[in-house]
Amino acid sequence: MRIEMVLDVPCVWSYFAFARLQRAAARFRERGGELETAFLPFQLQPDATAEGEPKVAALRRAFGDATEDAIAGITAKAADEGLTFRHAGAVMSNTFEAHRLIAVASEQGRGEAMVERLFRAHHTDELNVADPAVLRRLAAETGVEWSDARAGETRAALERVRASGVRGVPVFYVDGRRLGGAQSEEDLLAAFEAARSTVG
């Protein structure tokens, strides 16, 4: 069974959904299920620069006077998911190179691990995931051999995702069936089981 997830690294709901995917996949595999995960790129801010800007500044444009409450709320939600969010030093930057690195890692069988490390780098470690030095370090930490390949494939994948009508993330495809939004762990597991019964 093939599970595809459309995501962007700075998207909090993508991170929540990814964490739920990991838990649901582990439970499914414990029950004897087999699945492979693949990741499709989406950019919330395709015009962002590699240098980026403070994430808090971007949040202020979105939430205005409610920014501090929004940050507190999402930080608490993250804790409920078992994740640690920090915003004060976080950087909103262009995620193309991060997506390219996910593609490189996936070729090496390390896609899921690379996605997790990139999410944590942005949301917890407050690292700029557009910085080449940061990306090289994260690749090494994750056991991924660095490569400058997959740029053309990543651009093409971004175009395909856009052409498919995706305008926000996360989105899941479970054996081709589209599930929009940050699905719960239980809903993902149920979708896996339903797909397995159909295949069977």
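Quantities reported herein were computed from a predicted structural model and do not represent experimental measurements.
- Classification of Arg100 and Glu153 as a salt-bridged pair fails, no side-chain N sitting under 4.0 Å from a carboxylate O.
- For residues 98-129, the ring-ring contact (aromatic ring centres under 6.0 Å, His included) pairs, not counting sequence neighbours, are Tyr15-Phe119, Tyr15-His123, Phe18-Phe119, Phe85-His123.
- When Arg110, Glu145, Met114, Arg150 are each tested for a side chain to side chain contact (heavy atoms under 4.5 Å, CB included) with Val104, only one passes: Arg150.
- Looking at residues two or more places apart in sequence or on another chain, you find a side-chain hydrogen bond (donor to acceptor under 3.5 Å, both in side chains) between Glu4 and Arg2.
- Under the 4.5 Å side-chain contact rule for hydrophobic residues, Leu118 and Trp146 share a cluster.
- Remark: Thr37 pairs with Glu112 by the side-chain hydrogen bond (donor to acceptor under 3.5 Å, both in side chains) rule, at least two apart or across chains.
- Screening residues 41-60 for salt bridge (charged side-chain N to carboxylate O under 4.0 Å, His left out) gives Glu53-Arg61, Arg60-Glu68 as the qualifying pairs, with residues at least two apart or on separate chains.
- Residues passing the side-chain hydrogen bond (donor to acceptor under 3.5 Å, both in side chains) test with Arg136, sequence neighbours excluded: none.
- Checked by atom type and distance alone, the side chain of Arg27 never pairs as donor or acceptor with a backbone atom of Leu189 at under 3.5 Å.
- Follow the hydrophobic side-chain contacts under 4.5 Å out from Leu21 and you never reach Val166; the two are in separate clusters.
- Among residues two or more places apart in sequence or in another chain, the side chain to side chain contact (heavy atoms under 4.5 Å, CB included) test is passed with Ala121 by Arg117, Leu127, Val129, Leu138.
- Remark: side-chain polar atoms of Asp8 are not paired, donor with acceptor, to backbone N or O of Pro10 under 3.5 angstrom.
- Clustering ILVMFWY residues whenever any of their side-chain heavy atoms sit less than 4.5 angstrom apart, transitively, puts Leu59 in a cluster other than the one holding Met92.
- The closest side-chain donor-acceptor pair between Ser93 and Asn128 falls under 3.5 angstrom.
- Remark: the Asn94 side chain and the Gln43 side chain contain an N/O donor-acceptor pair separated by less than 3.5 Å.
- Phe172 and Leu158 are not part of a single hydrophobic cluster, where members link through side-chain heavy atoms under 4.5 Å apart.
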